[in-house]
Number of protein chains: 2
Amino acid sequence: MKYKEAKDKFISTWGSLGSLWGINKAMAQIQALLFIATKPLSMEDIMDELKISRGNTSMNLRQLMDWGIVTKEIIPGERREYFTTEKDVQELARIVAKERSRREIKPVIKILKDVSSIEDDGTKNTKELIKQTKALHELTDTIDLMINKAVNQKQNWLTKSLLKLFK
Amino acid sequence: MKYKEAKDKFISTWGSLGSLWGINKAMAQIQALLFIATKPLSMEDIMDELKISRGNTSMNLRQLMDWGIVTKEIIPGERREYFTTEKDVQELARIVAKERSRREIKPVIKILKDVSSIEDDGTKNTKELIKQTKALHELTDTIDLMINKAVNQKQNWLTKSLLKLFK
DNA sequence: TTAAATTTTCAAAAAATATTGAAAGTTTAT
DNA sequence: ATAAACTTTCAATATTTTTTGAAAATTTAA
C-alpha cells in the first residue's frame with residue numbers, strides 16, 4: 001500500500017467511524033485530513049482533497065471548532081484562513097469524551113432523575129418504572145462521573161487509568 | 001408527573017439516546033419498553049404501545065436478540081411469542097460494550113494497523129501519516145483492551161472499576 | 001393433512017440527515 | 001470608500017436510513 005491509498009483508506013475509515021464518537025461523516029473526514037496533514041490547511045485545500053462543497057466545509061469546520069477539536073490558524077500575510085487539529089490523540093480523546101458527556105449524557109441524566117422521582121402510587125407498573133429508571137440513573141451517573149474524573153487528569157490520563165484499573 | 005407521562009418520557013428519551021450506544025430509535029424504544037414492563041410482551045403488545053408496524057417490530061426484535069439484549073420467552077399454552085429484556089443495568093452495559101467492541105472497534109483497529117504499517121518512503125507526509133495512525137492505533141487498542149477487561153469481570157464491574165480509579 | 005394464527009421478508013414510501021451552490025455577509029488592502 | 005478575496009448562510013436537492021404493509025413463510029392445533 002502506497003501513501004495515497006493509505007491516506008484515502010484512513011480518511012474514509014475515520015469518516016465512517018464518526019458515528020462512534022458522535023459526529024457526522026464530513027466532520028470526521030475533515031478532522032482526519034487535518035490530523036495527518038503536515039501543515040495547516042485552507043478551506044480550499046480541504047474542499048479539493050475531500051471533494052466536498054464550500055458550504056459543507058464551512059459548516060463542518062465550524063462544528064469542529066465548537067467541539068474544540070480544530071483551531072483557526074492565522075498565517076501572517078495570508079488572506080485566507082487556515083486550520084489545524086489537535087494532534088495529540090489522548091488530548092483528542094479527552095475533548096471528545098468531555099463534549100459527549102456535556103451534550104448527550106448530562107441531559108439524559110436529568111430526565112432519568114425526573115422520571116425516577118415520580119410519586120409511587122403503589123401499582124406494580126409504577127414501582128417497576130421507578131426501580132428501573134433509578135437503576136439506570138445511577139449507572140449513567142456513575143459512568144459520567146468516571147468519564148469526567150478520568151478526563152480531568154490532563155496528562156496521560158489513559159495510561160494512568162489503565163494502570164489503576166489493572167493492578 | 002403521572003405514570004403514563006413518565007413512561008412515555010422515558011421511552012422517548014431512551015429512544016433518542018440509542019445513537020449513543022449505537023442502535024436505532026425503534027430498537028432502543030422496544031428495549032426501553034421491555035425494560036420497564038412487569039411481564040413479557042408479545043409483538044402485538046409492542047406494536048400497540050409504540051405505534052410501530054409489525055415489520056418494524058419484528059426486525060428490531062431480531063436485532064435486539066442478535067445483540068443478546070432481548071430473549072424470546074416461550075409461554076406454555078400460548079401461541080404467540082413473548083419477549084423480555086435483560087433487567088440488570090450493569091449486565092446490559094456489559095453486553096453493549098462488548099458488542100460495540102466486536103462490531104465497530106475491532107475492525108477499525110485492523111485498518112489502523114494496516115495503514116500505519118505502510119513502507120516509509122522518507123517523505124514528510126508519509127512519516128506523518130505513519131506516526132499519527134500509529135498513535136491512533138495504540139489509543140484505540142488501549143481503549144478496546146480497557147473495555148474488554150472491565151467488561152469481563154462479571155460481577156459489579158463498574159463499582160470495582162470506579163473504586164480502583166479513584167483510590 | 002388443512003387452515004388458522006403468527007412471524008418474517010423485502011420492495012416501496014416516508015422521514016431524517018447531509019450536501020450543494022449561489023446570494024448575502026465580512027474582511028482587508030488600497 | 002471601494003472592490004476584490006474570502007466566508008457564511010440557508011433554501012433546495014440528494015442521499016441515507018427507517019418504516020410500512022402486504023405477500024410469503026412458518027408454526028401449531030385439530
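Here the structure is a predicted model, which is why all the values come from computation and not from measurement. Lettering of chains follows the sequences in order, A, B, ..., and the numbering in each one begins at 1.
No donor-acceptor contact under 3.5 angstrom links the side chains of A:Thr126 and A:Asp120, judged on distance only. Between A:Asp121 and A:Thr123, the side chains place a donor N or O and an acceptor N or O closer than 3.5 Å (distance only, hydrogens not considered). In this model, a donor atom of one side chain and an acceptor atom of the other lie less than 3.5 Å apart for B:Lys106 and B:Ser101.
Taking atom CG on B:Asn60 and atom P on C:dC10, their separation rounds to 16 Å, with Å as the unit. In this structure, B:Arg62 places its CZ atom 12 Å from P of D:dT26, rounding to the nearest Å. Per the geometry, CD belonging to A:Glu78 stands 19 Å off P belonging to C:dT27, to the nearest Å. One atom, CD1 of A:Ile46, and another, P of D:dT8, lie 11 Å apart when rounded to the nearest Å. Between B:Asn24 atom CG and D:dT20 atom C1' there is a gap of 14 Å when expressed in whole angstrom units. Rounded to whole Å, the distance from NZ on B:Lys25 to P on C:dA14 is 17 Å. A:Ile52 places its CD1 atom 18 Å from the P atom of D:dA14, with the value rounded to the nearest Å. Between B:Ile23 atom CD1 and D:dT17 atom P there is a gap of 16 Å when expressed in whole angstrom units.
Distances were taken from every side-chain heavy atom of B:Ser53 (C-beta onward) to each of C:dA18, D:dT20, C:dT8; the shortest belongs to D:dT20.
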Distances for protein N/O vs nucleotides 4-7 of chain C N/O pairs under 3.5 angstrom?
residue	atom	partner	partner atom	Å
C:dA4	N3	B:Arg79	NH2	3.3
C:dT6	OP2	B:Arg80	NH2	3.4
C:dT7	OP1	B:Glu81	N	3.1

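Dense packing is recorded around NZ of B:Lys87, with more than 12 heavy atoms of other residues, nucleotides or ligands lying under 6.0 Å away.
Cation-pi contact between B:Arg62 and B:Trp67: absent, since separation from the ring centre below 6.0 Å together with deviation from the ring axis within 45° is not met.
Both A:Met59 and B:Asn56 lie close to DNA chain C; mapped to their nearest nucleotides by heavy-atom distance, the more 5′-ward contact belongs to B:Asn56.
Chaining together hydrophobic side chains whose heavy atoms lie under 4.5 Å apart places B:Tyr82 alongside B:Ile75.
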